[in-house]
Amino acid sequence: MTMKTKLYHHLQSTTTKNPQWNTLLREAANKSLFTKALSLYLHMLRSGASPNAFTFPFAIKSCAALSLPITGKQLHCHVFKTGCLLEPFVQTSLISMYGKCSLIDNARKLFDENPQSRKLTVCYNSLLSGYALNSRVKDVVVLFCEMRELGVEINGVTMLGLVQPCGIPGNLGLGMCVHGFCVKFGLDMDSSVGNCLLTMYVKSGEIDCGRKLFDEMPRKGLITWNAMINGYAQNGLANNVLELYKEMESKGFCPDPLTLVGVLSSCAHLGALSVGKEVERKMEGFGFSSNPFLNNALVNMYARCGNLKKARDIFDGMPVKSVVSWTAIIGGYGMHGQGEVAVELFDEMIRGGIKPDGTAFVSVLSACSHAGLTNKGLDYFGVMERKYGLRPGAEHYSCMVDLLGRAGRLNEARELIESMQVRADGALWGALLGACKIHRNVELAELAFEQVIELEPTNTGYYVLLSNVYTEAGNLEGILRVRMLMRKRKLKKDPGCSYVEFKGRVHLFFAGDRNHPQTNEIYKKLNELENLVKDLDGCKKNDHERREEYLNSMGVHSEKLAVAFALLNTRKETEIIIIKNLRICGDCHLFIKLVSKIVDRQFVVRDATRFHHFKNGFCSCKEYW
DNA sequence: GTAGGGTTAG
């Protein structure tokens, strides 16, 4: 007989046992062992002991944490029978439980039934956070006003309930108002309130306000650092994430899984494989290796950095795979042009009983479009709403426009846009514009361009894309028009850059760059390569024509510098050279294709949306240049 | 001996 069972037996055989039961319950609930706490409660009832005001708060809290409304209601009955309902400790935990179980009206009823409620800050706070959780913003505000009118004390927890719903886009005005109240009541220096305000700012995209608050916070805890790091990560500011993470470590803070998730997702964004690997080592060192969130982030990071094999190994080793894990690996294969594998995995996921969500559909649809699996993609799109009840959003329509557009079905793509119910975004018209470039459709490109710059007037990528459409059509007047428009709007094309990671360092190149220490050797190598490309015979007819065009417009593009640098420094023939390019689409694919044939090396180029694998002058992505 | 709150992957 174990110690534990002995203890149960002992407890069951005594008559005055409430205090012991209560201690056990409290300990379990405080350690977040909520299932255990509830089973202790049941044991207690069976043993004949009656629960009291010191028992209920922990049992009720456990119900709330596990989101068990039916058990919660049963507990409410027990409370009623034992006459504990007017105990403030019991009442507040019941209100909080109803709020967390989405039974906010029950919470309100309980609050109103007891006149004492309107005198106690804790009662107001629990109802307030319930309204916040259930997105009842108006009720939150009304309740707060009532507190002020009645002169009920307002504390930090009150403000937390108020701040929470302000993170929803559109509520920032209210949020700033709440921030003002915090300052007025001297609660803005409370670290929890500060963390909450910080989260509110970064969630509404006001990252600079968030940073200002962060810098001003006198006591920054791990949660504060995490909120800022993940705020940067969610707003796509991956460089800031890595910078802040370094600063955090230099101040002696130990990261937790939440920190590392943000850092890994930024590594994935930047393709910073060496930092990502370092994070993986840290994960192992701190004993976070089995954290499912971190493993999902790791799969995503390896997939996006080009190491699909490693991503797959980690994925296969995960004991529990959620829809997020599947989405990460499916997206990985999709980006690498292995749409067939992505589709197989998606079907396998469904067979395994995992219900796909909107994001899972985005990854499988984009995999289909990159691999040219047009009909398969159309099938998935059809099944999305019919079978899974998921209404397609703008992001799904973008994938479909991309899918149809790449396949040359431009009119169908346009019809799809016209028929859809959701509001079009920039990505949608951008996808159509991209397809027009592939299929050289100037007229439709002009239409798509007009729409896209209406929605994203400062995104220079689209201007460049239209200009490239005109270039290919030999329309000089058009090119000029785009340039004039950019000048009029004071837009400058941000310089595209390419980079190669070599021995744990990132070597970055801009077009015409001469800043690299090996500049002379790089240009010499590039010159050599250009001459080889010029003399190359035996490429396909289509490539031949393109080569002529390419040779007529030779410039020192960033990708070329990256290729020359990589060939200069890596000797192993089996080594794959990965070049990252942050532009909307790389224009030097032909050069890389030809070089890969000449020097018999493998290249992987990543642009903003996907990877292109080059081997022996062959590109495995079904791309339609 | 007791209650109310904040950060979480694509």
Side-chain angles (χ1 to χ4, degrees), chain A residues 18-27 29-30 51-61 64 84 87-97 99-100 107 111 117 120-130 132-133 155-164 167 187 190-200 202-203 221-231 233-234 256-265 268-269 291-301 303-304 322-332 334-335 356-363 366 395:
Chain A
N18 289 24
Q20 287 99 323
W21 280 113
N22 289 348
T23 310
L24 283 178
L25 243 165
R26 186 182 64 222
E27 280 172 3
N30 286 343
N52 62 16
F54 295 104
T55 322
F56 287 122
F58 300 111
I60 296 166
K61 189 181 177 179
C84 293
E87 277 301 327
F89 288 94
V90 178
Q91 198 208 354
T92 22
S93 40
L94 272 173
I95 294 174
S96 160
M97 181 273 295
K100 284 186 179 139
F111 180 88
S117 309
L120 290 171
T121 305
V122 270
C123 274
Y124 270 107
N125 287 353
S126 49
L127 186 59
L128 206 68
S129 73
L133 266 177
N155 63 17
V157 183
T158 320
M159 296 327 280
L160 295 179
L162 269 175
V163 177
Q164 224 192 328
L187 295 167
D190 179 310
S191 60
S192 304
V193 175
N195 292 339
C196 233
L197 284 168
L198 176 57
T199 307
M200 174 198 83
V202 299
K203 272 198 179 151
L222 181 59
I223 292 177
T224 319
W225 287 92
N226 284 351
M228 195 66 231
I229 285 177
N230 283 305
Q234 273 152 28
D256 74 349
L258 270 83
T259 328
L260 298 184
V261 163
V263 176
L264 274 180
S265 91
H269 217 88
N291 182 304
F293 283 72
L294 269 171
N295 277 305
N296 288 340
L298 209 56
V299 170
N300 182 43
M301 190 276 293
R304 293 182 86 112
S322 71
V323 66
V324 180
S325 331
W326 285 95
T327 304
I329 195 76
I330 290 168
M335 275 182 239
D357 63 3
T359 321
F361 271 103
V362 169
S363 74
S366 82
E395 66 278 25

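These values consider heavy atoms only, across backbone and side chains, with no hydrogens, waters or symmetry-generated copies. Quick note on labels: first sequence line is chain A, next is B, and so on, each numbered from 1. Computed from a predicted model, the values in this text were never measured in an experiment.
Taking CD1 from A/Ile229 and CD from A/Gln234, the interatomic distance works out to 12.0 Å, rounded to the nearest 0.5 Å. For the atom pair A/Ser265 OG and A/Asn230 CG, the distance stands at 7.5 Å (nearest 0.5 Å). A distance of 9.5 Å separates CG of A/Leu120 from CZ of A/Phe89, quoted to the nearest 0.5 Å. To the nearest 0.5 angstrom, A/Asn300 atom CG is 8.5 Å from A/Asn296 atom CG.
Atom pair A/Gln164:CD and B/dT8:P shows a separation of 11 Å (rounding to whole Å applied). In this structure, CG of A/Asn195 is placed 16 Å from P of B/dG5, rounded to the nearest angstrom. Across the protein-nucleic acid pair, A/Leu24 atom CG and B/dT2 atom P stand 16 Å apart, rounded to whole Å. The distance between atom CD of A/Gln91 and atom P of B/dT2, rounded to the nearest whole Å, is 19 Å. Distance, A/Leu197 CG to B/dG5 P: 18 Å, rounded to whole Å.
Aromatic stacking is marked for A/Phe89 over B/dT2, as both cut-offs hold: 5.5 Å for the centres and 30° for the planes. Here A/Phe54 lies parallel enough and close enough to stack on the base of B/dG1, with planes under 30° and ring centres under 5.5 Å apart.
Residue contacts for A/Glu395: at a heavy-atom cut-off of 4.0 Å it reaches no nucleic acid atom on any strand shown. Within the 4.0 angstrom heavy-atom criterion, no nucleotide atom of any strand lies near A/Ala227. A/Thr92 comes within 4.0 angstrom of a base, heavy atoms only. A/Asp256 comes within 4.0 angstrom of no nucleic acid atom, judged by non-hydrogen atoms across all strands. Among the heavy atoms of the strands lying under 4.0 Å from A/Ser129 are primed sugar atoms or P, OP1, OP2 only; no base atom is included. Among the heavy atoms of the strands lying under 4.0 Å from A/Asn300 are primed sugar atoms or P, OP1, OP2 only; no base atom is included. Within 4.0 Å (heavy atoms only), A/Thr224 reaches no atom of the nucleic acid at all. Here A/Val261 lies in heavy-atom contact (under 4.0 Å) with sugar-phosphate atoms only. Contacts of A/Thr327 with the nucleic acid, taken as non-hydrogen atoms under 4.0 Å apart, include base atoms. Note on A/Asn295: nothing from the nucleic acid sits closer than 4.0 angstrom, heavy atoms only.
Of the candidate nucleotides B/dG4, B/dT7, B/dA9, B/dG4 has the atom nearest to the side chain of A/Lys61. Among the nucleotides B/dT7, B/dG6, B/dA9, the one closest to any side-chain atom of A/Asn296 is B/dA9. Which of B/dG4, B/dA9, B/dT7 sits closest to the side chain of A/Ile223 comes down to B/dT7. Here the nucleotide nearest the side chain of A/Ser265, chosen from B/dG10, B/dT2, B/dG6, is B/dG10. Taking every side-chain heavy atom of A/Asn125 into account, B/dG4 is the closest of B/dA9, B/dG4, B/dG1. Each of B/dT2, B/dG4, B/dT7 was ranked by its minimum atom distance to the side chain of A/Phe58; first place goes to B/dT2. When distances run from any side-chain atom of A/Lys203 to the nucleotides B/dA3, B/dT8, B/dG4, the shortest one goes to B/dT8. Side chain of A/Asp190, nearest nucleotide from B/dG5, B/dA3, B/dA9: B/dG5. When distances run from any side-chain atom of A/Lys100 to the nucleotides B/dG5, B/dT7, B/dG1, the shortest one goes to B/dG5. If you check B/dT7, B/dG6, B/dA3 against the side chain of A/Cys196, the one that comes closest is B/dG6.
OP1 or OP2 of B/dT8 has not a single side-chain nitrogen or oxygen of A/Thr199 nearer than 4.0 Å. Using a 4.0 Å cut-off, no side-chain N or O of A/Gln234 falls inside it from OP1 or OP2 of B/dT7.
Here the rule is side-chain contact (heavy atoms from CB on, under 4.5 Å) with A/Leu298, and of A/Leu260, A/Leu264, A/Val261 only A/Leu264 fits it.
Across every non-hydrogen atom of A/Pro356 and A/Val323, the tightest pair is CA-CG2, 4.1 Å.
The backbone N or O of A/Leu25 lies less than 3.5 Å from no partner atom in the side chain of A/Asn22, so there is not a single donor-acceptor pair.
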